[in-house]
Amino acid sequence: MNIRQAKEKIQELKRIIAENNHRYYVENSPLISDYDYDMLMNELIAIERMYPDLITPDSPTQRVGSDLSAAKKNEFRQYAHRYPMLSLGNTYDITEVEAFADRAEKGIGEKFTFSCELKFDGTAICLTYRDGKLFRALTRGDGTVGDDVTENAGHIGNIPGTLKGSGYPEEFEIRGEVYMPYKAFDRLNAERLRDEDAPFANPRNAASGSLKLIDPEEVGHRGLECTLYHILGDNLPFATHNEALEAAASWGLPVSDKRKLCSSIDEIEDYINFWDTERKNLPFATDGIVIKVNELPFQRSLGYTSKFPRWAVAYKFKAEQALTRLRSIDYQVGRTGAVTPVANLDPVPLSGTTVKRASLHNSEQMQLLDIRIGDYVYVEKGGEIIPKITGVELSRREEGTAVPQFPAECPVCGTPLVRDEGEAKFFCPNSDGCPPQIMGKLVHFISRKAMNVIAGDATVEQLYNLGLVRTPADLYDLDKQDLLRLEGWKDRSADRFLESLNASRSAGFEHVLFAIGIRYVGESTAKSIARHFGTIDAIMAADKDALLAVGDVGEVIADSILGYFSDEAHRNEIERLRAAGLNMSMEVQDAPLSDSLAGKTIVISGNFSISRDEMKSLIELHGGKNSSSLSSRTSFLLAGNKPGPEKLKKAESLGVPVIDEEEFNRIAGIAQADSAGNEEGGQLSLF
């Protein structure tokens with residue numbers, strides 16, 4: 001390779017790596033495997049070693065991958081890391097681990113130990129504690145600056161807000177990994193598949209995406225966990241890395257109990273070999289082993305390169321993969337009519353389970369793979385509900401293998417499929433006559449975030465197959481004798497279902513609007529529409545311009561709402577649900593009064609002239625949003641009498657304005673009563 005060819009290849013590799021960095025760190029939807037990415041990086045490193053004059057400061061070999069993006073800078077305040085947050089050098093070759101150990105021995109020149117730990121497959125986080133309390137949580141960012149996710153980190157169950165015990169430094173940083181256990185990942189993807197949202201590819205992407213959610217309460221719902229593994233600070237009283245982690249554990253911080261001290265490369269290799277097998281039994285994803293020099297003075301003497309510490313290296317396991325034969329492809333129809341191809345495979349063991357089916361996602365993915373019925377295919381499973389096919393072994397393709405034809409008609413009801421412009425998926429438009437769509441809508445209607453009825457897919461399927469239910473309104477016509485026809489149901493099961501169904505009648509109008517399943521109208525959009533119009537009749541009477549006046553509604557959603565309510569069957573369904581006792585309007589006290597607080601996120605603290613619940617309702621009635629904790633995105637702290645001192649202190653540190661009730665009323669445009677208008681000399685009731 002001459003210098004001209006090297007320049008061209010370097011530019012090509014930089015472009016590909018930059019594109020995949022953005023997909024990995026920012027969008028949390030990588031296009032290639034970790035192994036393939038590392039091979040690209042290794043190729044770039046090799047060429048730059050051949051031609052060191054071609055190395056530039058912006059080369060990905062000289063910089064840490066960044067989870068920052070221009071699009072996200074307005075969502076999270078950013079702060080500089082006190083200490084650079086570097087990556088680890090990594091390898092898939094045990095001989096390179098041996099070389100690392102040899103370099104460490106030569107550089108140190110005396111006896112020392114290694115700390116071997118699991119490499120958690122999640123997203124990096126840096127926590128700062130001051131005076132025993134969580135002060136700030138930052139993402140890795142670009143290694144120099146990170147996004148402030150303190151509020152979200154506070155909703156991760158095993159990250160303590162206050163340390164326990166004593167002896168911790170006045171201020172220190174501790175770094176680690178936020179990850180999503182398989183159980184939480186499966187639950188989240190099941191919800192996304194039910195709602196026909198794209199499932200996360202793996203737990204790492206799910207964890208990274210969840211940590212950057214705007215709603216901290218939803219972060220808490222995601223089931224994230226954290227493991228911490230590196231303490232930094234001034235004059236820390238520890239001689240070894242292991243001693244520091246033991247102290248952290250005594251303060252209530254989550255550290256791994258799977259680490260081991262090793263004295264030789266043989267012990268390191270034994271540890272690696274053990275976990276390469278045993279990791280399949282862990283409840284979370286781990287993609288390798290981190291080997292660190294244990295003694296802190298030796299870490300300092302070995303120092304750092306521009307990108308990596310010289311005292312640590314990561315050995316990465318190759319992705320678990322299996323080769324098996326594709327027998328056939330099924331085409332499944334979901335709640336919104338989306339048709340998804342699913343491959344039927346010869347059973348093959350993978351990640352502790354036997355895999356028989358794998359997702360092919362859509363017709364474009366099938367074309368990209370150039371897949372044939374009868375092909376031998378590579379299957380990977382990183383915690384996915386349905387494993388994915390990542391490639392075809394072309395050397396084993398037999399002559400005459402058939403190219404699968406994506407159906408032109410719905411595989412269930414026979415209706416011609418359609419595909420909207422810009423969409424990757426085909427849809428069955430027979431939304432009210434296609435059995436899987438009908439059952440999917442019923443499951444959606446009774447789901448936790450909709451009407452919250454105690455039942456699931458199996459119950460809905462039985463009710464449908466017995467001809468008892470076709471639309472949500474049919475649920476409210478069921479009696480106990482109907483339910484006792486279901487397989488395995490006894491008196492108590494029927495009673496619990498009917499009690500739950502009756503309780504759903506008290507669900508708010510916004511839940512009803514979400515539950516009826518208008519395409520593209522999600523939970524938050526349903527709430528915005530319900531508050532804007534107040535009643536179902538006003539929504540049904542609205543034209544497109546009126547719908548577009550709602551902040552969360554664009555052209556696509558407006559057209560979907562108009563199309564839904566133009567169908568007489570849907571309007572009849574609404575009337576049946578109304579007759580069943582469901583709320584078709586906002587309660588009087590919940591009807592929107594104004595939009596004077598629109599776009600504002602407000603935290604309240606202290607006592608007011610009305611109850612705290614009434615104050616929260618008042619904020620929502622004027623278009624504002626309540627939050628339980630302060631962040632850089634908080635518009636202001638509303639402080640009454642005796643506000644919490646911690647909240648006041650945090651508001652000051654974040655630069656969040658603090659206002660009193662009088663100022664709040666002025667901003668919201670709430671008229672104040674004077675003493676002449678009130679015999680008691682106090683404020684008039686706000687309701």
Side-chain angles (χ1 to χ4, degrees), residues 20-31 33-34 37 64-69 72 75-76 85 87-88 90 117-127 134 137-141 146-159 174-193 197-230 253-256 258 279 282-288 290 314 316-317 319-320 351 380-385 388:
N20 282 285
N21 273 340
H22 184 80
R23 296 280 305 194
Y24 183 92
Y25 288 105
V26 178
E27 297 184 9
N28 302 305
S29 56
L31 294 174
S33 69
D34 284 2
Y37 175 88
V64 174
S66 173
D67 59 28
L68 303 174
S69 74
K72 297 198 176 218
E75 295 177 4
F76 294 93
M85 203 165 176
S87 298
L88 282 175
N90 61 64
E117 307 163 13
L118 297 179
K119 184 176 182 296
F120 293 84
D121 195 11
T123 185
I125 196 165
C126 177
L127 307 177
L134 178 63
L138 297 178
T139 66
R140 182 193 301 278
D147 282 331
D148 181 359
V149 291
T150 308
E151 188 173 4
N152 288 357
H155 285 75
I156 297 174
N158 68 341
I159 293 181
I174 186 163
R175 294 174 174 177
E177 203 87 356
V178 171
Y179 59 91
M180 183 173 287
Y182 289 138
K183 186 175 180 180
F185 176 74
D186 289 346
R187 174 176 55 78
L188 174 62
N189 262 0
E191 290 178 3
R192 294 179 69 84
L193 287 169
D197 292 328
F200 284 106
N202 53 53
R204 184 265 160 201
N205 296 342
S208 183
S210 298
L211 187 61
K212 289 290 196 75
L213 289 170
I214 298 302
D215 182 359
E217 298 293 338
E218 181 61 20
V219 175
H221 175 65
R222 292 287 177 93
L224 297 174
E225 294 184 8
C226 179
T227 294
L228 302 168
Y229 46 66
H230 185 48
L253 291 163
V255 301
S256 175
K258 307 292 191 295
R279 66 189 172 111
L282 291 169
F284 50 79
T286 179
D287 60 350
V290 177
K316 296 185 73 173
F317 302 127
E320 289 190 83
S351 297
E380 289 186 8
K381 184 177 186 291
E384 292 86 346
I385 293 172
K388 61 184 178 182

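- Between Gly223 and Ala184, the shortest heavy-atom contact is O-CB, 3.8 Å.
- In terms of the side-chain contact (heavy atoms from CB on, under 4.5 Å) criterion, residue partners of Tyr229 (sequence neighbours excluded) are, by chain and number, Glu117, Glu177, Lys292.
- Contact of the Glu225 side chain with the Pro254 side chain is not registered, since no non-hydrogen atoms from C-beta on lie closer than 4.5 Å.
- Pairing each heavy atom of Ala206 with each of Leu188, the nearest pair is CB-CD2, 4.2 Å.
- When all heavy atoms are compared, the tightest approach of Val178 to Ala207 is O-CB, 3.7 Å.
- For Thr227, the side chain to side chain donor-acceptor pair (under 3.5 Å) test picks out Tyr179, with sequence neighbours left out.
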- Please test Phe120 against Phe284 for ring pair (Phe, Tyr, Trp, His ring centres under 6.0 Å), starting from the C-alpha separation and ending with a verdict. CA-CA 8 Å; Phe120 293 84; Phe284 50 79; 5.2 Å; yes
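- By the side-chain contact (heavy atoms from CB on, under 4.5 Å) test, Ala137 is found to be paired with Ile125, Leu127, Val149, Thr150, Ala153, residues two or more places apart in sequence or in another chain being considered.
- Once rounded to the nearest 0.5 Å, the distance linking CZ of Arg279 with NZ of Lys258 reads 15.0 Å.
- Side chains of Arg175 and Leu228 form no contact here, defined as non-hydrogen atoms less than 4.5 Å apart.
- A 4.5 Å side-chain heavy-atom check between Ser210 and Leu224 finds at least one atom pair inside the cut-off.
- Heavy atoms only, all atoms of each residue included: Val290 and Lys119 are closest at CG2-CB, 3.8 Å.
- Between Val219 and Glu151 there is no side-chain heavy-atom pair separated by less than 4.5 Å.
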- Would you sort out whether Leu138 and Asp147 count as a side chain to side chain contact (heavy atoms under 4.5 Å, CB included), showing the intermediate values? CA-CA 5 Å; Leu138 297 178; Asp147 282 331; over 6 Å; no
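- No side-chain donor-acceptor contact under 3.5 Å links Asp287 to the backbone of Lys316.
- Using a 4.5 Å heavy-atom threshold, the side chains of Arg140 and Cys126 count as separate.
- For the pair Ile156/Leu211, a side-chain contact is recorded, criterion being any heavy-atom separation below 4.5 Å from C-beta on.
- Between Asp121 and Arg204, none of the side-chain N atoms (NZ, or NE/NH1/NH2) sits under 4.0 Å from a carboxylate O, so this pair counts as no salt bridge.
- How far CE of Met180 is from OG of Ser208: 10.5 Å, rounded to the nearest 0.5 Å.
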- Message: What verdict does the side chain to side chain contact (heavy atoms under 4.5 Å, CB included) test give for Thr123 and Thr139, after you've listed the backbone C-alpha separation in whole Å, the side-chain angles of each residue and the deciding distance to 0.1 Å?
- Response: CA-CA 8 Å; Thr123 185; Thr139 66; 5.9 Å; no
